[in-house]
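Notes to accompany the following structure.
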Amino acid sequence: MHVGSGNETPLDRIRNGSAIGYDEAKALARHEDTEVRRALAGRQDIRPEILYFLAEDPDPVVRRAVARNDAAPRKADILLVEDHDTEVRTGLAAKIARLAPGLTKDEQDIVHRLTYEALDALARDQLAIVRQVVSETIRDAVDAPADIVRRLAWDIEVMVASPVLEFSPVLTDDDLMEIIGKQPVHGSVSAISRRANVSENVSDAIASTDNEEAIAALLANESAQIREETLDMLIEQAPKRETWHEPLVGRPVLPLGAAARLARFVSDRLVDILEKRKDLDDETKRSVQAEVKRRLDGKGPSGPVEKKTPEDDPDPYQKALEMHEKGLLNEAAVADAIEGDDPEWASAVLAAMAGLPVIPVKRILKSQSAKAIVSLAWKANLSMDAAVAMQIDLAQLKHGDILQPANNNAFPLSEGDMNWQIELFED
């Protein structure tokens, strides 16, 4: 069957944009050539009832064209929502999701209500690829339907949940923290970690999980707002989490003394990056440079040292005193002692540097008193970086109990207070 005039075929007329009347369109919608019907289904100027008729075409390529056609009536879209052909539904999902902004489940306008129903059905589709198309299409929409966005965010397939979790402005901090708490699918928390301008509360929730991958993504996200206390806590855990090292070193802002702590365990390449940071205070810069020198001398990172036995070193305090007299005890030596699995040697080194007997030093370290430990560091002429490390590694204080540096990495106690703390344990 041929419709048209002259040498122009029906397919030519459709593709050339020739005006097609209602009766001609009806005839073309029944044309034996599938390509003719497909081309007609893609035209924007065809009457809605013709497109609705083509939505029931036996050939899926025709129905796919209707699904993608913005001019198709919403009743045709509702019909195609349940089409057995996956490409029909994915094409329809991309089109309907573009219309999502501003829609609500309480629509009064018939067209808007049908549009919402179609979107809702596609967001529940049994195939993840269809739901994924909806998620990716509405992920940036400020006024996308909140109930549909939340359902997609909780989807059991990460390919569906990730786009809205990472980008949707519709999701609130409460929404995100609930998902972080329950972690419905692997990868969901990592997607949240990559969001622009993650809030401090959401960062805290991510940091409190044991999700190494998500925390690495959070640390790598320069726009994420992370409290100093949270960064300190993560630095405490970081020695055994190598994937955190580079993003920690690259954080736009580090807490006072954090760079010196990082320098003790990250790779040589990352220590070099730390040394070049422009935001280090003088004390931290000296600590990092000391670590660089240590490594250049072939001593490696200030990691765990070989555990000594009484047979190897029957009098650690005497040996520490001898080393101190020769000028061999410094902050790097204390770092070695702190990292080592030998509390006797650590106590001896600190006692020698502080000019104290070893017994009160042991009492201070066992007391778990943050003020006493900070006072011991001050007495030994160490920095607040070392004082923080002593609280964490020797006394094993919890993060909330650690006494933090004052401004400019200064000691947070007066000299009188610190002398009193030392005298208390000497008695």
Practice task
List the steps and the verdict of side chain to side chain contact (heavy atoms under 4.5 Å, CB included) for R98 and I138.
Solution key: CA-CA 7 Å; R98 289 197 304 269; I138 69 172; over 6 Å; no
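- Atom CG of residue L54 and atom CD1 of residue I46 lie 8.5 Å apart, to the nearest 0.5 angstrom.
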Exercise for the section: Kindly indicate, with the supporting measurements, whether the criterion side chain to side chain contact (heavy atoms under 4.5 Å, CB included) is fulfilled by L413 and W378. Expected result: CA-CA 10 Å; L413 303 173; W378 166 78; over 6 Å; no
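- A salt bridge does not link K379 to E415: none of the charged nitrogens lies less than 4.0 Å from a carboxylate oxygen.
- Residue E82 qualifies as open at atom CD: its count of foreign heavy atoms under 6.0 Å is 12 or below.
- Judged by distance alone, the side chain of S162 and the main-chain N or O of M159 form no donor-acceptor pair under 3.5 Å.
- The residues R37 and D57 are annotated as salt-bridged, a charged nitrogen and a carboxylate oxygen being separated by less than 4.0 angstrom.
- In this structure a side-chain-to-backbone donor-acceptor pair under 3.5 Å is missing from R194 to E166.
- The main-chain N or O of A41 is found under 3.5 Å from a side-chain atom of N69 such that the two form a donor-acceptor pair.
- Within a 6.0 Å sphere centred on CD of Q237, heavy atoms belonging to other residues, nucleotides or ligands number more than 12.
- Each of I373, I364, L350 was evaluated against L394; a single residue qualifies, L350, per the side chain to side chain contact (heavy atoms under 4.5 Å, CB included) test.
- Between the side chain of S135 and the backbone N or O of R131, no donor-acceptor pair lies under 3.5 Å.
- Using a 4.0 Å cut-off between charged side-chain N and carboxylate O, K371 and D417 make no salt bridge.
- Within a 6.0 Å sphere centred on CG of D210, other residues, nucleotides and ligands contribute 12 heavy atoms or fewer.
- Side-chain N or O atoms of W154 include none that pairs as donor or acceptor with a backbone N or O of I179 at under 3.5 Å.
- The minimum heavy-atom distance between L28 and P10, with the atom names listed, is CD2-CB, 3.6 Å.
- Taking the charged nitrogens against the carboxylate oxygens, R261 and D232 do have a contact shorter than 4.0 Å, which makes a salt bridge.
- T284 places no side-chain N or O within 3.5 Å of a backbone atom of A260 that could act as its donor or acceptor partner.
- Annotation: side chain of V36 is in contact with side chain of I14 (closest heavy-atom distance under 4.5 Å).
- Look at D120 and R113 and you find no salt bridge, because none of the NZ, NE, NH1 or NH2 atoms lies under 4.0 Å from a carboxylate O.
- Two residues are said to be in side-chain contact when any heavy atoms from C-beta on lie closer than 4.5 Å; L99 and R74 meet this criterion.
- With R251 contributing its side chain and L219 its backbone, the two residues share a donor-acceptor pair below 3.5 Å.
- For the residue pair P247 and A220, the shortest heavy atom distance occurs at CB-N, 3.6 Å.
- Across all non-hydrogen atoms, the minimal contact from L119 to A100 is CD2-CB, 3.6 Å.
- Residues E331 and R286 are not paired through a salt bridge, judged by the lack of any N-O separation under 4.0 Å between the basic side chain and the carboxylate.
- Taken to the nearest 0.5 Å, the CZ atom of R68 stands 7.5 Å off from the CD atom of E87.
- Residues F53 and A29 come closest through the heavy atom pair CE2-O, 3.6 Å.
- Of the inter-residue distances, the one linking L365 atom CG with S347 atom OG reads 5.0 Å to the nearest 0.5 angstrom.
- Between R227 and D204 there is a salt bridge, since a side-chain N of the basic residue sits under 4.0 Å from a carboxylate O of the acidic one.
- For the residue pair T243/E213, the side-chain donor-acceptor check at 3.5 Å is not satisfied.
- Taking CG from N197 and OG from S203, the interatomic distance works out to 10.5 Å, rounded to the nearest 0.5 Å.
- A distance-only check finds a donor-acceptor pair linking the side chain of Q391 to the backbone of L403 [under 3.5 Å].
- Within the 4.5 Å cutoff, the side chain of T9 has heavy atoms near those of the D12 side chain.
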Problem - Verdict with supporting geometry, L376 and M390, side chain to side chain contact (heavy atoms under 4.5 Å, CB included) - result: CA-CA 10 Å; L376 175 60; M390 288 162 60; 3.9 Å; yes
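- For D77 and K95, the salt-bridge test passes: some basic side-chain N is under 4.0 Å from an acidic carboxylate O.
- A heavy-atom distance below 4.5 Å is not found between the side chains of V185 and I156.
- Under 4.0 Å is where a charged nitrogen must lie from a carboxylate oxygen, and between E344 and K362 at least one such pair does.
- A salt bridge is defined here as a Lys NZ or Arg NE, NH1 or NH2 lying under 4.0 Å from an Asp or Glu carboxylate O, and R63 with D59 fails to meet this definition.
- A salt bridge between R13 and E8 is present, with a side-chain N of the basic residue lying under 4.0 Å from a carboxylate O of the acidic one.
- Other residues, nucleotides and ligands contribute at most 12 non-hydrogen atoms within 6.0 Å of the CG atom of N407.
- At a cut-off of 3.5 Å, with distance as the only test, a side-chain donor of N221 or S223 sits close to an acceptor on the other residue.
- Panel note: side chain H112, backbone L103; no donor-acceptor pair is recorded below 3.5 Å.
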Exercise for the section: Might you work through the salt bridge (charged side-chain N to carboxylate O under 4.0 Å, His left out) test for E35 and R15, ending with a clear yes or no? Expected result: CA-CA 11 Å; E35 188 57 28; R15 288 177 171 172; 2.9 Å; yes
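- How far CG of D175 is from CG of L165: 10.0 Å, rounded to the nearest 0.5 Å.
- When all heavy atoms of L280 and K285 are compared, the pair lying nearest together is O-CE, 4.0 Å.
- Counting only distance, with no hydrogens or angles, the side chain of Q289 and the backbone of E275 share no donor-acceptor pair below 3.5 Å.
- Proximity of L171 to V149: side-chain heavy atoms (C-beta onward) are separated by under 4.5 Å at one or more points.
- Just one of I96, I148, T104 meets the side chain to side chain contact (heavy atoms under 4.5 Å, CB included) condition when paired with Y116; it is I148.
- Counting heavy atoms from C-beta outward, M384 and Q404 have side chains that stay 4.5 Å or more apart.
- The 12-atom threshold is exceeded at CG of D45, counting heavy atoms of other residues, nucleotides or ligands nearer than 6.0 Å.
- Within the 4.5 Å cutoff, side-chain heavy atoms of M418 are placed close to those of F411.
- Atom CZ of residue R277 and atom CG of residue L262 lie 9.0 Å apart, to the nearest 0.5 angstrom.
- Residues S199 and Q225 bring no donor and acceptor atom of their side chains to less than 3.5 Å of each other.
- Listed here is the closest heavy atom pair of Q183 and V189: CG-CG2, 3.5 Å.
- Ionic pairing of E49 and R47 is present here: one or more N-O contacts between side-chain nitrogen and carboxylate oxygen are shorter than 4.0 angstrom.
- Salt bridge annotation for E136-R139: absent, with no cationic side-chain nitrogen under 4.0 angstrom from a carboxylate oxygen.
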Exercise for the section: Let me see the working for R64 and V61 under side chain to side chain contact (heavy atoms under 4.5 Å, CB included), right down to the final yes or no. Expected result: CA-CA 5 Å; R64 291 169 195 168; V61 299; 3.8 Å; yes
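- Residues L254 and L274 are in side-chain contact: their nearest non-hydrogen atoms beyond the backbone lie under 4.5 Å apart.
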